[in-house]
Asker: 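This is the structure I want to talk about, given as structure tokens.
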There are 2 protein chains.
Amino acid sequence: MELFQERGYVRTTVEEIAARAGLTERTFFRYFTDKREVLFSGSSDLQKRMTDATTDAPEATAPLDAVAAALEAAAAALQQHRDESYVRARHALLTAHAELRERELIKLASLTSAVAQALRKRGVAEPTASLTAEAGIAVFKVAFERWVTGTEPRDFSQHVRTVLDELRAVTAGSARPMEAARRESPRRRRTSK
Amino acid sequence: MELFQERGYVRTTVEEIAARAGLTERTFFRYFTDKREVLFSGSSDLQKRMTDATTDAPEATAPLDAVAAALEAAAAALQQHRDESYVRARHALLTAHAELRERELIKLASLTSAVAQALRKRGVAEPTASLTAEAGIAVFKVAFERWVTGTEPRDFSQHVRTVLDELRAVTAGSARPMEAARRESPRRRRTSK
DNA sequence: AAGGTGATGTCAGTTTCTGCCATCAGGAGG
DNA sequence: CCTCCTGATGGCAGAAACTGACATCACCTT
């Protein structure tokens, strides 16, 4: 990250990164499959937290609410493990370089299918599982963007809740809503839990 | 595509591709920024169709339904312009090579923000616009996957409609639904149409 | 005929990434 | 203490992707 901020991502060579770490280029490629990968070391950890949270949600929890729990877990992990300056610097790099955004997107896709998998383990059928996971990660993306971009120091988990409610509003307010919903699960009263 | 099927994607060199087209490697890179890009030439066209469809939906149409129109447009374009064997071959390449999936994901992300942009032009506010676009593209992904993977020769647009209904079911059947919805739009009775 | 323009070719060079083999430190077992 | 094994690292050569600079050529305009 030091080097990336000194000379920018593209002009920083893998050899330089390795040297700064007291290693060789060859060794770098033994730890990271890619030059890009060096910016995504935490992602497998995040994924584990989120799938665990999905799996551990109480049995009666609706699919989307299990995913909401995963999002809360992610929010907690993010605010704990990374200081804000690192997150912002990283985010600046990602938005500036398409190759890095690509990598982020595939990480998010992997996250999505992992969450879908966790939902299936809960007994959620396809395509509900995939779809709920997709929607949940969409919420994650939008909320994260608003969190990093936003000026006011608002809580990430607060953003998550807001955006999740927005999602529910979006899909509730459109045509042809119901026959599938009735099939899926018994009507649920606004459980204050 | 010929070469990719003869020797596989990785063992096909850009020089070979260019030669097969009667050109030089250098010229290839004047037309395509990337080796990957050669498999995504149609994407900007698809994007235009979808944003147009979003923009052209009748004024009273709800956001998600405008996006549904865009999905219909995409389905029409796909079934018209590409024969099935090409679509399947391409899909096989994309699932086999992570670098290609990355590229596809960024194309879909670009599509998402273009659709969000089109929604904003309709007067849809943030974050509803982004969120609706994300959800819509999620439907596209899931429906496309089912279409290509599926054995029965079902219509793509048919898949789209099914998955869209599933999405509505997913978000309808979860907790804490309403305060955002109430803010967003006047109460809407479960319209049977 | 002269000049301009756009598409292509040629070439040299950088960087990423891989395969192969050598080295070296430390632990296990004799 | 010696030996063998193993895991981590370095060194090196090479393929392939990509870039920049310049040359060439066809074609069009004037």
Side-chain angles (χ1 to χ4, degrees), chain A residues 1-45 47-48 86 89-110, chain B residues 1-45 47-48 86 89-110:
Chain A
M1 192 54 98
E2 286 170 24
L3 283 165
F4 290 157
Q5 296 198 314
E6 287 171 22
R7 339 187 178 184
Y9 176 76
V10 256
R11 271 160 309 181
T12 304
T13 181
V14 172
E15 196 177 355
E16 291 167 341
I17 300 174
R20 179 70 61 100
L23 292 172
T24 337
E25 193 191 10
R26 192 65 186 86
T27 303
F28 175 95
F29 283 113
R30 287 202 182 91
Y31 283 86
F32 303 99
T33 62
D34 244 19
K35 178 179 174 184
R36 292 160 222 167
E37 201 62 20
V38 83
L39 283 162
F40 296 87
S41 56
S43 72
S44 74
D45 182 67
Q47 176 164 322
K48 180 161 176 17
Y86 175 86
R90 182 175 176 281
H91 185 255
L93 282 177
L94 292 224
T95 55
H97 300 283
E99 35 179 325
L100 294 175
R101 230 174 312 140
E102 285 187 342
R103 182 55 50 86
E104 165 153 77
L105 289 173
I106 209 172
K107 294 293 183 187
L108 286 172
S110 152
Chain B
M1 192 53 97
E2 286 170 23
L3 283 165
F4 290 158
Q5 295 198 316
E6 288 170 20
R7 341 189 175 183
Y9 176 77
V10 257
R11 270 159 311 181
T12 303
T13 179
V14 172
E15 196 178 354
E16 291 168 340
I17 301 174
R20 178 71 60 101
L23 292 172
T24 336
E25 194 192 8
R26 193 63 185 85
T27 303
F28 176 96
F29 283 114
R30 287 201 182 93
Y31 283 86
F32 304 99
T33 62
D34 245 15
K35 177 180 175 185
R36 292 159 222 168
E37 200 62 19
V38 83
L39 284 163
F40 295 88
S41 56
S43 71
S44 74
D45 182 66
Q47 176 163 322
K48 179 159 176 17
Y86 175 86
R90 181 174 175 283
H91 186 255
L93 283 177
L94 291 225
T95 54
H97 300 284
E99 33 178 327
L100 294 175
R101 230 173 313 141
E102 285 187 341
R103 182 55 49 87
E104 164 153 76
L105 290 173
I106 208 171
K107 295 292 183 187
L108 287 172
S110 151

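Just so you know, these numbers use all the heavy atoms, side chains as well, and skip hydrogens, waters and symmetry mates. Below, chain A is the first sequence line, B the second, and so on; all start at residue 1.
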Asker: Report the nucleotide, chosen from dA16(D), dT8(C), dC17(C), that has the shortest atom-to-atom distance to any side-chain atom of Asp34(A).
Answerer: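 When the side chain of Asp34(A) is considered, dC17(C) is the closest of dA16(D), dT8(C), dC17(C).
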Asker: Got Arg90(A) and Leu100(A) here, is their nearest side-chain heavy-atom distance under 4.5 Å?
Answerer: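 No, their side chains stay 4.5 Å or more apart.
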Asker: Starting from C1' on dT15(C), measure out to CZ on Arg7(A) and report it in whole angstrom.
Answerer: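 Interatomic distance, CZ of Arg7(A) to C1' of dT15(C): 14 Å.
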Asker: Inspect the contact between Arg36(B) and Glu104(B) and indicate whether a charged nitrogen and a carboxylate oxygen are less than 4.0 angstrom apart.
Answerer: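 Judged by the 4.0 Å cut-off on N to carboxylate O distance, Glu104(B) and Arg36(B) do not form a salt bridge.
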Asker: Show each protein N/O and nucleotides 23-27 of chain C N/O combination with a separation under 3.5 Å, one pair to a line.
Answerer:
none

Asker: Extract from the structure each pairing of a protein N or O with an N or O of nucleotides 19-22 of chain D at less than 3.5 Å, listing the distance.
Answerer:
residue	atom	partner	partner atom	Å
dG20(D)	N7	Arg26(B)	NH2	3.0
dG20(D)	O6	Arg26(B)	NE	2.7

Asker: Distance check needed: dA17(D) C1' versus Phe28(B) CZ, whole Å only.
Answerer: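 Computing the Phe28(B):CZ to dA17(D):C1' distance gives 10 Å.
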Asker: Would you say Glu15(A) has more than 12 foreign heavy atoms packed within less than 6.0 Å of its CD?
Answerer: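 No, because the 6.0 Å sphere around CD of Glu15(A) holds 12 heavy atoms or fewer from other groups.
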Asker: May I ask you to test the Ile17(A)-Glu25(A) pair for a side-chain heavy-atom distance under 4.5 Å?
Answerer: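 SC-SC contact between Ile17(A) and Glu25(A) ruled out.
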Asker: Without decimals, in angstroms, what is the distance between Glu99(A) CD and dT15(C) P?
Answerer: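 Whole-Å distance recorded here is 14 Å.
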Asker: What is the distance from CG of Leu3(A) to C1' of dT15(C), rounded to the nearest Å?
Answerer: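 One finds 16 Å between C1' of dT15(C) and CG of Leu3(A), rounded.
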Asker: Between Arg7(B) and Glu16(B), is there a salt bridge with N-O shorter than 4.0 Å?
Answerer: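 Answer for the salt bridge query: yes.
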Asker: Does Glu6(B), at its CD atom, have more than 12 non-hydrogen atoms belonging to other residues, nucleotides or ligands within less than 6.0 Å?
Answerer: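 Correct, the count exceeds 12.
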Asker: Check nucleotides 25-28 of chain D for protein N or O atoms closer than 3.5 Å to its own N or O atoms and list the pairs.
Answerer:
none

Asker: Using whole Å, report how far CD of Glu37(A) lies from C1' of dC17(C).
Answerer: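 It works out to 14 Å between those atoms.
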Asker: Lys35(A) has an atom NZ; how far is it from atom P of dC18(D), in whole Å?
Answerer: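 Distance, rounded to whole Å: 13 Å.
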Asker: Relative to the 5' end of DNA chain C, which residue comes earlier, Arg11(A) or Tyr31(B), by the nucleotide with the nearest heavy atom?
Answerer: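 The residue whose closest nucleotide sits nearer the 5' end is Tyr31(B).
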Asker: Separation of Leu23(A) atom CG from dA8(D) atom P, in whole Å?
Answerer: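 Distance, rounded to whole Å: 13 Å.
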Asker: Can you tell me how far apart CG (Asp34(A)) and CZ (Arg103(A)) are? Round to the nearest 0.5 Å.
Answerer: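 If I round to the nearest 0.5 Å, the distance is 4.0 Å.
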Asker: Counting only side-chain N and O atoms of Thr13(B), is one of them less than 4.0 Å from OP1 or OP2 of dA17(D)?
Answerer: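 Yes, such a contact exists.
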